[in-house]
Colleague: 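Okay, handing you the structure first.
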Amino acid sequence: MRSLQSEIEQRGARIFELVDKHPESLFSKAGFYQQMMTLSMRNERFKVQMFRFVDVLPSLRKSGEIVRHLEEYFAGMRDGFAPVIQTGVRVARIVPWISAFILRRNVSGMARQFIAGKNCEDVMKTLRKRQAQKIGFTVDLLGEAVLSEKETDEYAARCLDLLDCLARETQGWTDPFGKNSALFPVVNLSVKISALYSQMNPADPTDAIAHLAPKLRPILRRARELGAFINFDMESYAHKNITLELFKTTFGKGEFKDWPHAGIVIQAYLRDAEADLRDLIEWGRARGTRFTVRLVKGAYWDYETIKSRQNGWDCPVYFQKPESDVNFEVLSRVLLENESIVTAAFGSHNVRSIAHAQAVAGELGIDPSRFEFQLLYGMAGPIKRALVEMGYRVREYCPVGELLPGMSYLVRRLLENTSNEGFLRAKFSENVATEELLRDPNELLKRDGATPRSESLAPTAIEHRHQENDPSLQASPGDICKNSPLVNFVYKESQEKMRNALREVRNRFGEKYPLVIGGEKVWTDKLTPSVNPAAPKEIIGYVPEAGIPEAERAVKAARAAFGKWSCTPFEERARLLDRAAAIMDRRRYELSAVEVFEVGKPWAEADGDIREAIDFCRFYAERMRLIGRPRLTQHVPGEESYQHYWPRGVALVIAPWNFPIAILCGMVSAALVTGNTVIMKPSEQSIICGAMLMQTFEEAGVPPGVLNFLSGHGSVIGAHLVDHKDVDLIAFTGSREVGLRIWESAGKTLPGQRELKRVVCEMGGKNPVIIDSDADLDEAIVDSIYSAFGYQGQKCSALSRLILLEENYDRVMERLLSAAASLRVGNPEVAGITVGPVIDEAAYRRILDYIEIGKSEAALVYQAKEVPPEGYFIPPTIFTEVKPNMRIAREEIFGPVLSIMKVSDLDEAFAVANGTDYALTAGFFSRSPANIDRAKAEIEAGNVYINRSCTGAVVGRHPFGGFKMSGGGTKAGGADYLLQFLLPRVVTENVTRHGFAPEETPEYRDEFLWPKPEPRKVGI
Ligand SMILES: Cc1cc2nc3c(=O)[nH]c(=O)nc-3n(C[C@H](O)[C@H](O)[C@H](O)COP(=O)(O)OP(=O)(O)OC[C@H]3O[C@@H](n4cnc5c(N)ncnc54)[C@H](O)[C@@H]3O)c2cc1C
């Protein structure tokens, strides 16, 4: 008996032989497409620009716009490799409309290469040809990202129409095999599950399934009536578990339990694919009805790796291509070995992967009529022909739709075709030898010294490799420590931990937490309750109210502790922060749960806050290590000057409730690590979070008096402490009104005051986002909605003024309004809620007042109808016809209220964006490189975000803070932040004696630090 490898080689060689009988270049359409692809494969920069141009083109309506973009993307290319383009750009300048027409036609031609038709009638022409070639089909409806329930309804309706049309048009078609045809209905529809529910949240599979199932059922019923087949396509990892769960719940019981014509995709590039497949098979056996699995490698490799790196998540995909290939083969065998319950569909263009499936099927004695190969429309035509000739079933995946929504699909295909790792490029463009193409991927893994599949690469190793490969990631000031990963609520385990934490915190409702002054627990006559804004009758806990006597005591305690703490080695202080970070990491879910209850944060927002607090501790600890040692200022013979820092003294930290642990912790940890002692006053609305942070630092071992916890009225103790002669520094984040008062009163020097008071002041914003006429609306709308309504608009970074150009105003508004109408508003204790309650009754009333003002000034175009009756819920609200001078366009509302401002062009857009008192965050969505450059240079904001949401700053990555009336220009989580908590000092010594001076001057000297650091032990 021949070995499996030789069987694969023999079958593979046969496929190649048949392929070579009808030679075809990789890109079967010659001309423009061929040239573009060849250039793309030669030059990475060209490829990026080219794909970006293809991406934006369909949204450009005027010839002038097309030519401008062409120029912006390509005119600067000096590599001399693209004369075609250079000529194109020159011609375009002279005759724009002809060039625009030709470009559009060429790119449409490119898209038509992969999109089988605009609609059902159109696609039928292709399907008839394929039927004649004995190739079956599955049709996929291309569409824009689905942003609202209105759009999901449209998608579902299109699916029904398509099914009807396909069934009608294919009447009388028979299975080309004539054998086992019951397993393979002629009409086959591939469905994108995410297109059926716009609010799919990985943290809440129950809600997703509750919404998806009713949308899906009519499609399944119609398919069953028509004798068609429905396949669930698989999208990004975030949707994977929900898609699998939906499949099992829909077909596991009830009306579809006995229906065999359903299939689902398994992606072999996922590390957990085998577990998922085995689980499905077990489920299928219990169900007792056949089903189908389409095995693919996966289409979102780049997306998954980028996303997981950005969020610090374990990478769900294999890192090396042969690992995916090996896994594909392992899963092919699993599928074929379970042929009695599952029908296999192998979705691959890779001849090795295909030949392997054939060989294993042969080895197991499975008739070729019982499984099929699926390939994409417009790709690998010769392979399809070869497979048919060899007597295998072939089905083509045919996307149907318009050009604009088809662009993301087109770009995915272009990437796949030009990928260095891809089989098609290797075979058809680079003519790699047959033996190499048919090599066992296990051997490649061994040859490249990779970890065997069973041990799969640890995420850290993956990160490391990524970093090595990417020069842009080489150490920058924010890279000094790794950000803590966000919790990934895609995992059931994370969801379960969060639910447990919520239960446990709920069980502790009503507990009392003391003030801490000079290391002592302090109680007063009056206890302040903290209530749940989603259910104000619920009391989360109590903290004593501090008055002037406690404030005085805290100042004394902090002053007394300062002497020793200021002389504590910075390394020791940095270690305190490291320990605090580790404790918060350990208590992560619990702290998040406290935030959900106390300040109404949705799960992921609460987790983001704890992550930020952890990051602040680690980042500031590392920054202190960098600046802590006295450092030589210049090399000058005969003289040595060293700069170093002393702490300022007693720091008063006054924090807001909207990032109740992160901002408080950021200011406290910066003050502590720099050697100041601290009086920490959390917001009156988030005192339990304040108590939690105090507990954290106590457990971390903060010495008595170094950190003091006071809770009370800002107008009483806050004002008293701000004016106190023994307070040297005030770190404040909060409203403009209070911030300006602090700024002013801190400027008055009091009798007996030691230092000029330093104020670190972060205030609000009235943040604009501009959507340019060529912006990708799928992204711009999702991100704008999130920026405006995420955490109920209560972030100082939140979007409050959306600036739209006349040109695309109607298009944006139509989708924006229905997207807003689809948001989930409710108690954030429930996973997957986007909009919860505002913080308290005062905020509730103030925001409602602003809504009234808005109604009198502008036009109310949207207000959510249903919000929970109890709790401080404000319905998401949108105003149009808002003018720059109106109050709702100028004043900070701090709630889920969005103003839309229409402008005639970008000049006006930038003027409106910059025309407020604030300069905190701003966003700009555009695909025009020139306009993006303009936004980068012109928008007045401390944090300018291009093509992404304007909230969610990450420590070290997005140092955060604004100017004008948004703050004193400081950057929390940035390289310079600690300097504000320090007094710089320089010691200069003349080291010349009678014209003689030492030749070498050390970079660092530690003798100005007290106590002197232990001399380093050097091994003998
Ligand atoms: C009919 C059909 C339907 C499909 N449906 C889906 C679907 O629903 N969902 C989906 O996600 N995909 C789907 N795909 C798969 C996807 O679109 C690609 O076509 C497929 O992954 C390409 O694999 P290949 O075997 O043809 O080519 P190969 O060239 O052998 O493999 C390329 C693939 O390897 C993987 N890869 C690339 N680089 C690396 C790396 N460094 N480390 C690890 N792995 C890497 C990627 O998955 C990449 O797509 C489908 C494919 C077909 C043919």
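All ligand and atom numbering here is 1-based and tracks the order in the structure. Please read these numbers as outputs of a predicted model, since none were measured by experiment.
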Colleague: Not counting sequence neighbours, which residues clear ring pair (Phe, Tyr, Trp, His ring centres under 6.0 Å) with Phe232? List them please.
Modeller: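 Ring pair (Phe, Tyr, Trp, His ring centres under 6.0 Å) check on Phe232 returns Phe247, Phe251.
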Colleague: Inspect the contact between Glu402 and Lys118 and indicate whether a charged nitrogen and a carboxylate oxygen are less than 4.0 angstrom apart.
Modeller: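 No, Lys118 and Glu402 are not salt-bridged.
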Colleague: Excluding sequence neighbours, so at least two apart, what forms side-chain contact (heavy atoms from CB on, under 4.5 Å) with Glu44?
Modeller: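 With neighbours one apart ignored, the set is Lys47, Val48.
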Colleague: Looking at Arg395, Arg294, Lys384, which one forms a salt bridge (Lys or Arg N to Asp or Glu O under 4.0 Å) with Glu372?
Modeller: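 Testing each of Arg395, Arg294, Lys384 against Glu372, the sole residue satisfying salt bridge (Lys or Arg N to Asp or Glu O under 4.0 Å) is Arg395.
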Colleague: Please enumerate all residues that pass ring pair (Phe, Tyr, Trp, His ring centres under 6.0 Å) together with His349, with sequence neighbours excluded.
Modeller: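 Applying ring pair (Phe, Tyr, Trp, His ring centres under 6.0 Å) to His349 gives none.
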Colleague: Around ligand 1, what residues show up once you keep those with a heavy atom under 4.0 Å from it?
Modeller: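 Ligand 1 is contacted, at a heavy-atom distance under 4.0 Å, by Asp233, Met234, Val265, Gln267, Tyr269, Arg294, Val296, Lys297, Gly298, Ala299, Tyr300, Trp301, Tyr318, Phe319, Gln320, Lys321, Ser324, Asp325, Gly347, Ser348, His349, Asn350, Gln374, Leu375, Leu376, Tyr397, Arg413, Glu416, Glu421, Gly422, Phe423.
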Colleague: Answer yes or no: is there an ion pair linking Glu235 with Lys192, defined by an N-O contact shorter than 4.0 Å?
Modeller: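 A salt bridge is absent here (no side-chain N lies under 4.0 Å from a carboxylate O).
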